[in-house]
There are 2 protein chains.
Amino acid sequence: MARYKVSRQTVQNAVDLLRREGLVTGRQGAGWFVREKPAVLRLASSRLRRSERDAGRGASLTDAAQGGWTLDSKATIRVEPACERTATELRIETGAEVLIRDRVITADGHPVQLAVSRLPRTLTEGTAIERENPGPGGIYARLEEAGHQLERFEERVTGRLATADEVSALRLDPGSPVLAITRTAYDTSGTPLEINDMVLAGERYELIYDLPAD
Amino acid sequence: MARYKVSRQTVQNAVDLLRREGLVTGRQGAGWFVREKPAVLRLASSRLRRSERDAGRGASLTDAAQGGWTLDSKATIRVEPACERTATELRIETGAEVLIRDRVITADGHPVQLAVSRLPRTLTEGTAIERENPGPGGIYARLEEAGHQLERFEERVTGRLATADEVSALRLDPGSPVLAITRTAYDTSGTPLEINDMVLAGERYELIYDLPAD
DNA sequence: AAGTGGTCTAGACCACTTG
DNA sequence: AAGTGGTCTAGACCACTTG
């Protein structure tokens, strides 16, 4: 204000621009700080390979191994009747039981990803998928053990601004961009087994996809 | 201001929040308007298949066919010496000639994507790749005709906020999220042939990737 | 206690559009 | 001309931190 002879509000607007560009963070009472360039986590597309599951690594842990991060997650498990969207996408009846695994994934202790996974209850009842820790290779390994051979995954990616809930869960600054990914897992008969809605801090992740030319 | 008995600035801040969430747009002198939910353009991963090129469709046109959009693009072609990053990624010498195709892609007349494509000049000299319109199947078809068989593509995706330049080029509201994709095309010997830096209006696109399970 | 950031009021002026 | 949005000044108060 003194240096440029402008009012408080003008400085606030200026510094708010820098905040929204992700360059600085303000802490009330403490000051404005240049933001540390957040290290990029890479989700190589190899993370969904069967060889990784066979080696006992779930999709998230494969990422961790790649980037040198210590990944961890807390899961809340619950059963709910399928809403219309879920029913359509899982091709089950509206109201049928759905197992929901609601996870917060942390990297070196910091929350970096939200993941809400939905499966028809008929596939999960009595399996380790209903436990917080589903064991080596994750839920995909358990599905295959139960005879549901996976064939392919589809990921749909969009970019948008974080909602208020995401801002608080991922400790983002308001107005931060996120990557929203919806992954569907299909078995060899083309039946969807799982839908996973993920939200990632946009600037902390780089997604890597490998695509064949023919 | 009258309804809630608050000051002008307070209303401005409130409405600015809605703007950043992508819900409304302000036009000076005209008013605030609820933003039309922008239709989603889908980039199916099939867009890089050889069958599409053989059918005469480039990657962008395949998108268009899928979503019912009329896609168009304006390209500026230029030759520059390779900067360090480009040289490393294309595995050529710093300063070697690079062909740059700088494109703005429009959907139904509205700019929706920026794409800057870089290829070693040695691959493009005397080919239609150096023309604004490279012909049916796009530059990938021309590369294969010249004997450079494509094997795979790698796409790296991040989410971030639009820069000031991107805001004006894509007619975005300030603070809008974008998807930044860097695609590298490799031939059968594993040599990179092209690097394409794309910037997409985050909320207008949904990227679709297909991943095999094994 | 003094110095930060965050947000607010009241009033002003300019650019743009015509509800 | 009157009504919009955008931005600014000057001053105020509260929450939080300790430069």
Side-chain angles (χ1 to χ4, degrees), chain A residues 1-39 106 108-112 159-178 199 201-204, chain B residues 1-39 106 108-112 159-178 199 201-204:
Chain A
M1 292 168 64
R3 167 137 39 130
Y4 296 101
K5 291 192 181 109
V6 293
S7 74
R8 188 170 184 71
Q9 190 64 241
T10 305
V11 171
Q12 189 74 34
N13 288 347
V15 105
D16 223 52
L17 254 178
L18 295 176
R19 185 181 62 66
R20 293 209 306 267
E21 284 175 21
L23 301 175
V24 299
T25 334
R27 282 209 309 278
Q28 195 163 339
W32 283 95
F33 301 90
V34 173
R35 217 160 89 166
E36 285 176 60
K37 179 79 186 169
T106 55
D108 294 347
H110 304 287
V112 291
R160 58 171 174 78
L161 294 183
T163 65
D165 284 353
E166 290 158 3
V167 162
S168 78
L170 295 174
R171 317 254 168 83
L172 300 172
D173 285 316
S176 295
V178 295
V199 176
E203 294 160 315
R204 306 192 64 149
Chain B
M1 291 170 63
R3 169 138 37 132
Y4 296 103
K5 291 193 183 109
V6 293
S7 74
R8 188 168 184 72
Q9 191 65 242
T10 305
V11 172
Q12 189 74 35
N13 288 346
V15 106
D16 223 52
L17 254 177
L18 295 176
R19 186 182 61 68
R20 293 210 305 268
E21 284 174 22
L23 301 175
V24 298
T25 333
R27 281 208 311 277
Q28 195 162 339
W32 283 96
F33 301 89
V34 173
R35 217 159 88 166
E36 286 176 61
K37 181 78 185 169
T106 55
D108 295 346
H110 303 289
V112 291
R160 58 172 174 77
L161 294 181
T163 64
D165 284 353
E166 289 158 3
V167 162
S168 78
L170 296 174
R171 317 255 168 83
L172 300 172
D173 284 316
S176 296
V178 295
V199 176
E203 294 159 315
R204 306 191 64 149

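Keep in mind that what you see is a predicted model, and the values were worked out from it rather than measured.
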*Which parts of nucleotides 6-14 of chain D does protein reach within less than 4.0 Å, heavy atoms only, written one letter per nucleotide 5' to 3' as B for base, S for sugar-phosphate only and - for none?*
BBBBB-B--

*Indicate the atoms forming the closest heavy-atom contact of P177(B) with P177(A), along with that distance.*
CB-CB, 4.2 Å

*How long is the gap from OG1 on T106(B) to CG on L170(B), to the nearest 0.5 Å?*
11.0 Å

*Contiguous Watson-Crick or G-U pair runs (3 or more, under 3.5 Å) in DNA chain D*: C:1-18 with D:1-18

*Y4(B): what forms a side chain to side chain contact (heavy atoms under 4.5 Å, CB included) with it, not counting sequence neighbours?*
V6(B)

*When rounded to the nearest 0.5 angstrom, what is the spacing between CZ in R171(B) and OG1 in T25(B)?*
14.0 Å

Report all interatomic pairs (protein N or O, nucleotide N or O of nucleotides 1-3 of chain D) with separations under 3.5 Å.
unit_1: dG3(D); atom_1: N2; unit_2: G29(B); atom_2: O; d: 3.2

*asked:* If I compare all heavy atoms of A201(A) with all of L172(A), which pair ends up nearest, and what's the gap?
replied: CB-CD2, 3.9 Å

*So which heavy atom on L161(A) is nearest to which on E166(A), and how close?*
O-OE1, 4.4 Å

*asked:* My understanding is that only residues two or more places apart in sequence, or in another chain, count here; which of them pass side-chain hydrogen bond (donor to acceptor under 3.5 Å, both in side chains) with T10(B)?
replied: S7(B)

*At their closest point, which heavy atom of V24(B) faces which heavy atom of V34(B), and how far apart are they?*
CG1-CA, 4.2 Å

_Residue pair A162(B) / V167(B): nearest heavy atoms and the distance that separates them_ = CB-CG2, 3.8 Å

*side chain to side chain contact (heavy atoms under 4.5 Å, CB included) involving S168(A) - partner list, sequence neighbours excluded*: none

